[in-house]
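The block underneath contains the structure these notes are about, expressed in structure tokens.
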Amino acid sequence: MADFSPELLAKVKDLWKRYPEKKAALLPAMHLIQKERGGWFSPETIRDTAELFQVSDIHVQGIVGFYDMFHDEPVGRHVVRLCKTLSCKLRGSDELRAHVKKTYGVDHGQTTPDGAFTFRCFECLGHCTTAPMMLVDEERHENLTVEKLDRVLGGLR
Amino acid sequence: MIRETRVMLEFAEDEAQKTLAGYRKHGGYQALAKALREMKPEDVTEEVLKSGLRGRGGAGFPTGKKWKFVPKTNKRKYIAVNADESEPGTCKDRQIMENDPHQLIEGTLLAAYAIGAGTAYIYVRGEYPHSIRALEDALDEAREAGLVGGDIMGSGFHCDVWVHPGAGAYICGEETALLTSLEGNRGYPRLRPPFPAVEGLWKSPTVVNNVETLACVTHILRRGASWFSSLGCEGSTGTRLFCISGHVKKPGVYELECGKFTLRELLTDLAGGTPSGRPIKGVLPGGSSMPVFAASDLDVRFDLDSISKAGSSLGSGAIMVFDESVSAVDVALNISEFYSHESCGQCTPCREGSDWVRLMLDAVRRREATRKDVGLLLDVLDRIEGNTICALAEAFCWPVRSFVKKFGDEFEAYLKERASA
């Protein structure tokens, strides 16, 4: 068995009890696995996940490629997701993206040289009435301004 | 003055409402107790049918009717709660899950009792960690109190409820894609028939209902179908959550009775008009998948059927407003970028077509398109629509076509012929 931590294996076994087929627990389990393996799915992690779930490597790879929250490349210590869809655009997300590029030197999909964060422009994050907004890992920041964004991103280490 | 009628959001600002004790203080789980003790499963369905409740995810299908499609078999049955709220402009289900999660759990259990399901999954989009945590906490409490799991309230009725996180894919809000995803795959939609009510999760009968729909079920069973249908208007009974965003002074999620005012009144009176004072240029009344209204279309009565008759739809209850400072071409391009990113890739007309449409709109925006190119764009839309497994194709064809139609002069002004003239 691939060397996942005993805590993770216990959680996955618990997830399996919820479904008639193990495979159904892939998405919830893959969130846990990605977290334990440094925020992304390396070819080795894909193989380990496939082995754990007794599915093919390509099945796991297909899932990683399909869902935006799974990464197939290394990411920074934090993942910043700036919403770019209409309500946020109307409230200034294009300007925020330009500011991030100018100030932190990263655009969509790029990681800052110090590895502090990976920046991603995301489709609708569902906070349209408090736009513009971004998610930093699992925390949300709403009604963003350039100043607010700088306070959050400047504090990421 | 338009006023809110708060039913689902009545206690949304009360921190204690998130806890079982707080929820119970306001009548929580009494509807479930009544149903389990005094009603047969089919009585629950009848009550929901009588209330006139229509699904709140976008299609507006009568909920009771959906439940009645479930065949009477001994097969396992499932409830799948669609909490993959991803239609641009929509952030209403989140209010229920984060602020009053037990009303969703109670509605889910009532639905499960009505159709005889022993397991329910709440498929929450992965980008909603706050909703996931709030639901997990509420479910832990409910399980502890014997409200979820085996022999609920000593009735002999058994139903497990689990939160299932998605991982970032708009298509999984499409009900058959949600099921494919829940089974541990890429979220590809399935051909219908068979409909999920007959053949859903693991080929068993499955009812897929939206979060707000199930929250309504709780209130219908608590206060009765006739109380519910006395709110709103014919065809749009009850209250409904609307997310007003974009260029308005007071963006927000409002709980409203339909049929009492016009769309223009809603935007000027309740939402306060545009912050800049500039006139409204356009409104998407039901998410980005629906045809756009121009400023001259806004005097339509605000209810499901009237908005449909006027050529659009209330969709998921997301109203996005843009003022005269914005280019209609830019808005259409932003919408097409969304769909070309979110097309699942299963059907060629949608996978390729969504990219073509985006590229053609980008050419318009760069002033490199000719009149012939706009004609080609419309022709391509005709060839995409109706030729795919699910409605994602229509979801970008309708708005794009409506932008070209409603803002034709503006598109014209972008044309290469004009630029070089």
Side-chain angles (χ1 to χ4, degrees), chain A residues 14-32 34 53 55 58-71 81 83-91 93-94 120-135 137-140 142-143, chain B residues 76 85-94 119 121 125-131 133 160 162-172 181-188 201-202 204 243-247 251-253 284 288 318 320-323 326 330-331 334-335 337-338 341-342 344-345:
Chain A
D14 212 34
L15 285 171
W16 282 341
K17 291 182 201 146
R18 303 178 180 185
Y19 309 92
E21 286 178 10
K22 278 183 180 179
K23 195 177 84 172
L26 262 171
L27 258 53
M30 283 171 69
H31 281 291
L32 303 173
Q34 180 167 264
F53 273 82
V55 295
I58 197 70
H59 186 79
V60 177
Q61 179 133 26
I63 288 180
V64 172
F66 189 82
Y67 294 96
D68 284 335
M69 295 183 76
F70 296 137
H71 305 125
R81 299 184 170 100
C83 180
K84 68 174 282 277
T85 312
L86 190 56
S87 302
C88 281
K89 179 192 167 69
L90 292 170
R91 290 265 172 172
S93 63
D94 287 350
R120 299 194 68 193
C121 293
F122 236 67
E123 294 295 355
C124 190
L125 289 169
H127 288 66
C128 321
T129 57
T130 48
M133 79 80 71
M134 67 177 174
L135 269 176
D137 304 323
E138 297 198 343
E139 284 316 309
R140 59 184 162 203
E142 301 162 82
N143 296 308
Chain B
R76 277 195 209 195
E85 176 165 78
S86 344
E87 176 68 25
T90 317
C91 50
K92 60 175 181 81
D93 293 339
R94 201 163 60 69
T119 311
Y121 300 102
R125 65 181 303 200
E127 298 95 327
Y128 273 7
H130 302 81
S131 296
R133 282 199 290 267
D160 282 322
W162 305 109
V163 174
H164 185 99
Y170 167 74
I171 193 63
C172 295
S181 173
L182 216 155
E183 291 172 358
N185 306 296
R186 297 165 76 108
Y188 286 157
L201 285 171
W202 302 288
S204 286
C243 320
I244 310 182
S245 69
H247 291 157
V253 179
L284 289 145
S288 65
M320 292 181 280
V321 182
F322 53 97
D323 73 18
V326 183
D330 269 349
V331 176
N334 180 275
I335 292 173
E337 284 170 357
F338 177 85
H341 179 82
E342 299 297 344
C344 79

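Every chain is numbered from 1, with letters handed out A, B, ... down the list of sequences.
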Spatial distance of atom CG (A/L86) from atom CZ (B/F338) [nearest 0.5 Å] = 11.0 Å
Which of the residues B/S288, B/A167, B/P88 is involved in the greatest number of heavy-atom pairs with chain A at under 4.5 angstrom?
-> B/A167
Could you have a look at B/E183, B/R94, B/H341, B/E337 and say which one has the most heavy-atom pairs with chain A under 4.5 angstrom?
-> B/R94
Which answer fits A/R140, side chain, backbone, both or neither, if we ask what part of it has an atom under 4.5 Å from a heavy atom of chain B?
-> both
Answer key: most heavy-atom pairs under 4.5 Å with chain B among A/L135, A/L26, A/D68 is A/D68
Which answer fits B/V253, side chain, backbone, both or neither, if we ask what part of it has an atom under 4.5 Å from a heavy atom of chain A?
-> both
Side-chain donor-acceptor pair under 3.5 Å between B/N185 and A/K23, yes or no?
-> yes
Is it true that a side-chain atom of B/Y121 and a backbone atom of A/R18 form a donor plus acceptor pair closer than 3.5 Å?
-> yes
With only heavy atoms counted, which part of B/C172 is less than 4.5 Å from chain A, the side chain, the backbone, both or neither?
-> side chain
Name the option with the most non-hydrogen atom pairs under 4.5 Å to chain B; the candidates are A/M30, A/K22, A/H59.
-> A/H59
For B/P129 and A/E138 the tightest heavy-atom approach is CG-O, 3.6 Å
Counting heavy-atom pairs under 4.5 Å with chain A, the top scorer among B/R125, B/M320, B/E85 is B/R125
Under 4.5 Å to a heavy atom of chain B? For A/H127 that would be both
Between the side chain of B/H130 and the main-chain N/O of A/E139, is any donor-acceptor distance below 3.5 Å?
-> no
Got B/R76 and A/P20 here, is their nearest side-chain heavy-atom distance under 4.5 Å?
-> yes
Drop me the distance from A/E21's CD to B/W202's CH2, to the nearest 0.5 angstrom.
-> 7.0 Å
Side chain, backbone, both or neither: which part of B/D160 has a non-hydrogen atom closer than 4.5 Å to chain A?
-> neither
If you round to the nearest 0.5 Å, how far is OH of A/Y19 from CG of B/L201?
-> 10.0 Å
Should A/F66 and B/S181 be marked as a side-chain contact (heavy atoms from CB on, under 4.5 Å) after you check the CA-CA gap, both sets of side-chain angles, and the distance that decides it?
-> CA-CA 11 Å; A/F66 189 82; B/S181 173; over 6 Å; no
State, with a plain yes or no, whether a side-chain heavy atom of A/T129 is found less than 4.5 Å away from one of B/I244.
-> no
What is the distance from atom CG of A/D94 to atom CG of B/D330, rounded to the nearest 0.5 Å?
-> 8.0 Å
Closest heavy-atom contact between B/H164 and A/P28?
-> CE1-CD, 3.6 Å
With side chains defined as the heavy atoms from C-beta onward, is the minimum distance between B/E127 and A/F122 less than 4.5 Å?
-> yes
Among the options A/C128, A/A29, A/S87, pick out the one with the most heavy-atom pairs lying under 4.5 Å from chain B.
-> A/C128
Which bit of B/Y170 comes within less than 4.5 Å of chain A, counting heavy atoms only: side chain, backbone, both or neither?
-> neither
Give the member of B/G187, B/C243, B/G126 that has the highest number of heavy-atom pairs under 4.5 Å with chain A.
-> B/G187
Looking at B/P251, B/A169, B/S86, B/G345, which makes the most heavy-atom pairs under 4.5 Å with chain A?
-> B/P251
